[in-house]
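Working notes, beginning with the structure itself.
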Amino acid sequence: NAGVTQTPKFQVLKTGQSMTLQCAQDMNHEYMSWYRQDPGMGLRLIHYSVGAGITDQGEVPNGYNVSRSTTEDFPLRLLSAAPSQTSVYFCASSLGGTGSYEQYFGPGTRLTVT
Amino acid sequence: AQRVTQPEKLLSVFKGAPVELKCNYSYSGSPELFWYVQYSRQRLQLLLRHISRESIKGFTADLNKGETSFHLKKPFAQEEDSAMYYCALRVGGAQKLVFGQGTRLTINP
């Protein structure tokens, strides 16, 4: 199993550009989520999905869109990049439901917006 | 509102000394807490969860509902414990996690 994979590893964008961060998992997990990691602020939830076709907003959703057409994939779209979106982005997945399950994280994407 | 606070951004101790990473939470429901760790050049990974009441790599954490705390402890620190540690709270009935700000632990030889 590859676990949770993310592409690209690094990306530089100019203000106003759009792009999609890819995330995939091969563990048949129902729950997937996107976090951003900023110094001194920990990880903050952007969007999450409890299954294919179902997404919801997290703590900091503005400027980001998601969709979940398959169980495996959960891409994150930046509509019009801003310098405030410079961050490290992590995708995670876990079993769904109400149990206390471990979340598995991807390696992260380091995004710089100039 | 749900919140997790890790008051120390940086913590430095000598090898062999005890270490305690503090975590306090605010949550109106029944809390489920975790510690995640990120070693250098590795992925964020689960260290332990309170519901398991287990010791992993010599670390333990006890949920204290009266003090709303979930401090991480190890009696004798090792150099390989140097890492970024995050306390996290599961909220609601789904798998949503609220993370603290993180504590960077450095073990000096």
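Computed from a predicted structure; not experimentally measured. Letters A, B, ... mirror the listed sequences (proteins, then strands); counts begin at 1.
- Top candidate by heavy-atom pairs under 4.5 Å with chain B, chosen from A:Gly106, A:Gly58, A:Ala92, is A:Gly106.
- Proximity of a side-chain donor or acceptor of A:Gln103 to a complementary backbone N or O of B:Lys96 within less than 3.5 Å is not detected.
- Interface residue A:Ser94: only side-chain heavy atoms are found under 4.5 Å from chain B.
- The backbone N or O of B:Phe99 lies less than 3.5 Å from no partner atom in the side chain of A:Arg44, so there is not a single donor-acceptor pair.
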Chi angles and distances behind the side-chain contact (heavy atoms from CB on, under 4.5 Å) call for A:Phe105, B:Gln45:
CA-CA 7 Å; A:Phe105 284 82; B:Gln45 59 188 279; over 6 Å; no
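- At a 4.5 Å heavy-atom cutoff, the contact between B:Ile51 and chain A is made by side-chain atoms alone.
- Listed options A:Ser33, A:Gly3, A:Gly40 were ranked by heavy-atom pairs under 4.5 angstrom with chain B; first place goes to A:Gly40.
- Between A:Glu102 and B:Tyr36, the side chains place no donor N or O within less than 3.5 Å of an acceptor N or O (distance only, hydrogens not considered).
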Is there a side-chain contact (heavy atoms from CB on, under 4.5 Å) between A:Met41 and B:Gln101 once you walk through the steps? CA-CA 5 Å; A:Met41 304 191 76; B:Gln101 302 92 322; 5.8 Å; no
(message) As a quick check of understanding, evaluate side-chain contact (heavy atoms from CB on, under 4.5 Å) for B:Gln95 and A:His29, giving each step before the final call.
(response) CA-CA 11 Å; B:Gln95 300 299 317; A:His29 284 168; over 6 Å; no
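- Within the 4.5 angstrom heavy-atom criterion, no atom of B:Gln6 approaches chain A.
- Side-chain contact between A:Val4 and B:Arg43 is present, with at least one heavy-atom pair separated by less than 4.5 Å.
- Heavy-atom neighbours of B:Glu80 CD from other residues, nucleotides or ligands within 6.0 Å: above the threshold of 12.
- The contact between B:Lys9 and chain A is made entirely by side chain atoms (from C-beta outward), counting heavy-atom distances below 4.5 Å.
- For chain B, the nearby parts of A:Tyr101 are the backbone and the side chain; heavy atoms of each come within less than 4.5 Å.
- For the pair B:Leu44 and A:Leu43, the minimum side-chain heavy-atom distance is below 4.5 Å.
- A:Tyr104 does not touch chain B: none of its heavy atoms, backbone or side chain, sits under 4.5 Å away.
- Taking B:Arg41, B:Arg49, B:Gln38 one by one and counting their heavy-atom pairs under 4.5 Å with chain A, the maximum is reached by B:Arg49.
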